[in-house]
**Student:** 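Handing you a structure now.
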Amino acid sequence: MLKDKVVIIIGGSGLIGKAFVKSAMQNHATVINADINQPNTKLDCEFIHTDITNKNSLDNLIELISQKYGKIDAVVNSAYPRTKSFSNHFFDVEYEDFCTNTNLQLGGAFLVMQRFAKFFKSQGYGNIITLSSIQGVVAPKFQTYKNTQMSSPVAYSAIKSGVIHLSRYLAKYLKGNNIRVNCISPGGILDNQNEIFLSQYKDVCLNKGMLDPDDICGALIFLLSDYSQFINGQNIIVDDGFCL
């Protein structure tokens with residue numbers, strides 16, 4: 001489905017990013033994993049160290065890949081930079097930490113969009129796919145955290161709602177340039193969470209509850225493919241009905 005497409009997956013060493021890399025490769029894309037960290041499992045694709053908060057790092061990535069392959073068809077941003085205090089409960093969040101995390105994630109998302117949009121405009125076409133979350137679509141369902149130490153980070157909601165609207169903004173801003181900008185908002189992803197939380201989360205979903213990273217890949221492959229040629233400025237929610 002993606003034969004002859006050159007796809008950069010930023011954050012390809014992460015939980016969702018690794019699934020994205022594997023799925024795009026299985027669909028015959030040429031995949032580049034651009035991440036600040038090496039993957040902890042072997043991914044049979046090119047790796048380029050990339051910092052989404054550094055303009056020169058992104059520009060170097062674009063120059064290197066465009067010169068090597070003669071084009072870049074799409075970029076997917078699944079990077080998830082954050083501080084150790086990111087998950088603090090609302091009243092424990094310091095102003096400085098809130099700003100730092102917003103700068104890292106939302107600022108980084110902006111920079112990825114800006115640098116790749118500039119390149120795609122000069123190339124004459126392009127495809128930008130961002131990663132948001134259900135927490136950027138609706139308010140957290142705090143009942144899912146009852147009797148656990150977990151919560152939904154306040155910065156996460158601010159960042160992920162911002163990513164959705166940035167994507168819409170850019171899609172409209174680039175009208176007439178043959179560049180698509182879309183977003184995927186996954187539900188919760190399984191990552192060794194508390195069993196109490198998993199049960200309570202499933203109660204607000206329709207079937208499975210928390211999802212595996214592979215469950216998000218169908219939406220990604222669709223947006224990377226020519227079957228989504230005229231889908232632009234959209235946010236595709238993959239959440240087993242959490243947002244209903």
Side-chain angles (χ1 to χ4, degrees), residues 9-20 35-36 52-53 75-90 92-95 97-114 116-117 128-145 150-173 180-191 193 197 201 204-205 209-213 215-217 219-220 223 231-244:
I9 298 181
I10 297 177
S13 298
L15 182 64
I16 295 177
K18 283 186 290 188
F20 281 179
D35 203 311
I36 202 165
I52 67 168
T53 66
V75 63
V76 182
N77 181 21
S78 62
Y80 185 34
R82 58 203 183 278
T83 67
K84 291 181 179 179
S85 60
F86 179 65
S87 297
N88 284 359
H89 287 233
F90 181 79
D92 298 324
V93 175
E94 297 292 340
Y95 172 76
D97 285 337
F98 180 90
C99 292
T100 297
N101 281 295
T102 303
N103 285 341
L104 285 171
Q105 287 191 46
L106 187 56
F110 157 76
L111 200 56
V112 169
M113 292 183 202
Q114 183 195 61
F116 276 89
I128 299 172
I129 300 172
T130 61
L131 197 66
S132 180
S133 164
I134 51 173
Q135 307 292 31
V137 178
V138 297
K141 297 185 179 181
F142 290 105
Q143 67 268 33
T144 61
Y145 303 108
M150 301 169 62
S151 187
S152 180
V154 61
Y156 192 68
S157 290
I159 291 161
K160 291 306 187 182
S161 58
V163 168
I164 294 171
H165 212 66
L166 263 180
S167 303
R168 290 170 175 158
Y169 173 101
L170 188 57
K172 199 73 175 286
Y173 186 81
R180 297 193 292 124
V181 187
N182 291 293
C183 190
I184 300 172
S185 287
I189 302 298
L190 287 164
D191 189 23
Q193 288 93 346
F197 166 74
Y201 185 95
V204 300
C205 296
M210 294 283 285
L211 304 175
D212 292 294
D215 295 330
I216 316 301
C217 292
L220 174 74
L223 288 176
I231 293 179
N232 204 350
Q234 302 304 308
N235 179 43
I236 297 181
I237 300 171
V238 185
D239 69 344
D240 190 30
F242 178 96
C243 291
L244 293 176

**Student:** Can you name the nearest heavy-atom pair linking Pro186 to Ile216, along with the distance?
**Tutor:**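 Heavy-atom minimum between the residues: CB-CD1, 3.6 Å.
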**Student:** Might you point out which heavy atoms bring Ser161 and Ser132 nearest each other, and give the distance in Å?
**Tutor:**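 Scanning both residues, the minimum pair turns out to be N-OG, 4.5 Å.
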**Student:** Is the backbone of Asn232 close enough, under 3.5 Å, to the side chain of Gln234 for a donor and an acceptor to pair up by distance?
**Tutor:** yes
**Student:** Do any N or O atoms from the side chain of Arg180 and from the backbone of Leu223 form a donor-acceptor pair under 3.5 angstrom?
**Tutor:**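 The answer is yes, because a donor-acceptor pair under 3.5 Å joins these two groups.
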**Student:** Quick one: does Lys141's side chain have a donor or acceptor within less than 3.5 Å of a partner on Cys243's backbone?
**Tutor:**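 Checked: no pair found.
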**Student:** Could you check if a side-chain atom of Val163 sits within less than 4.5 angstrom of a side-chain atom of Cys183, using non-hydrogen atoms only?
**Tutor:** yes
**Student:** So, the side chain of Thr53 versus the backbone of Gly108: is there a donor-acceptor pair under 3.5 Å, distance only?
**Tutor:** no
**Student:** Asn101 side chain to Arg82 main-chain N or O, any donor-acceptor pair under 3.5 Å?
**Tutor:**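 No; judged by distance alone, with no hydrogens or angles, the pair does not exist.
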**Student:** Enter the distance from Phe20:CZ to Leu220:CG here, rounded to the nearest 0.5 Å.
**Tutor:**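 Answer rounded to 0.5 Å: 5.0 Å.
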**Student:** Quick one: pull up CD1 in Ile52 and CG in Leu111 and give me the separation to the nearest 0.5 Å.
**Tutor:** 8.0 Å
**Student:** Say you draw a straight line from OG1 of Thr130 to CZ of Phe110; how long is it, rounded to the nearest 0.5 Å?
**Tutor:**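 Here the rounded value is 14.0 Å.
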**Student:** Any sub-3.5 Å donor-acceptor pair from Asn77's side-chain atoms to Ala79's backbone N or O?
**Tutor:** yes
**Student:** For residues Ile164 and Arg168, determine if any side-chain heavy atom of one lies less than 4.5 Å from a side-chain heavy atom of the other.
**Tutor:**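 Result yes, sub-4.5 Å side-chain heavy-atom pair found.
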**Student:** Looking only at heavy atoms, what is the nearest atom pair of Ile134 and Ser185, with distance?
**Tutor:** N-CB, 4.1 Å
**Student:** Would you check, one step at a time, whether the test side chain to side chain contact (heavy atoms under 4.5 Å, CB included) holds for Phe116 with Leu170?
**Tutor:** CA-CA 11 Å; Phe116 276 89; Leu170 188 57; over 6 Å; no
**Student:** Heavy atoms, side chains only, cut-off 4.5 Å: are Phe86 and Leu104 in contact?
**Tutor:**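 Counting from C-beta outward, Phe86 and Leu104 never come under 4.5 Å.
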**Student:** Rounded at 0.5 Å granularity, tell me how far CG in Leu166 sits from CD1 in Ile159.
**Tutor:**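 Nearest 0.5 Å value for the CG-CD1 distance: 11.5 Å.
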**Student:** Has His165 got more than 12 heavy atoms of other residues, nucleotides or ligands less than 6.0 Å from its NE2?
**Tutor:**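 Check fails, neighbour count at 12 or below.
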**Student:** State, to 0.1 Å, how close Gly17 and Ser78 come at their nearest heavy-atom pair, and which atoms those are.
**Tutor:** CA-OG, 3.6 Å
**Student:** Any chance you could measure Ile129, atom CD1, to Ile184, atom CD1, to the nearest 0.5 Å?
**Tutor:** 5.5 Å
**Student:** Report the relative orientation of the aromatic rings in Phe197 and Tyr145; use parallel for angles under 30°, tilted for 30 to 60°, perpendicular for over 60°.
**Tutor:**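 Parallel, since the angle between the ring planes stays under 30°.
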**Student:** Quick check: closest heavy atoms across Ile189 and Ile16, and the distance to 0.1 Å?
**Tutor:** CG1-CD1, 3.8 Å
**Student:** Relative to each other, are the rings of Tyr80 and Tyr156 parallel, tilted or perpendicular (30° and 60° limits)?
**Tutor:**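 The arrangement is perpendicular - the two ring planes meet at more than 60°.
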**Student:** Drop me the distance from Phe242's CZ to Thr144's OG1, to the nearest 0.5 angstrom.
**Tutor:** 6.0 Å
**Student:** Within the side chain of Ser13, is there an N or O that forms a donor-acceptor pair under 3.5 Å with the backbone of Lys18?
**Tutor:**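 The answer is no, because no donor-acceptor pair under 3.5 Å joins these two groups.
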**Student:** Please answer whether the main-chain N or O of Gly209 pairs with a side-chain N or O of Asp240 as donor and acceptor at a distance below 3.5 Å.
**Tutor:** yes
**Student:** So, for Met150 and His89, which heavy atoms are closest and what is the spacing to 0.1 Å?
**Tutor:**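 For Met150 versus His89, the nearest heavy atoms are O-CE1, 3.8 Å.
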**Student:** Would you confirm whether Gln105, through its side chain, and Pro81, through its main-chain N or O, come within 3.5 Å as a donor-acceptor pair?
**Tutor:** yes
**Student:** Does any donor atom in the side chain of Asp97 or Thr83 lie under 3.5 Å from an acceptor atom in the other side chain?
**Tutor:**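 Per modelled atom types, Asp97 and Thr83 side chains form no pair under 3.5 Å.
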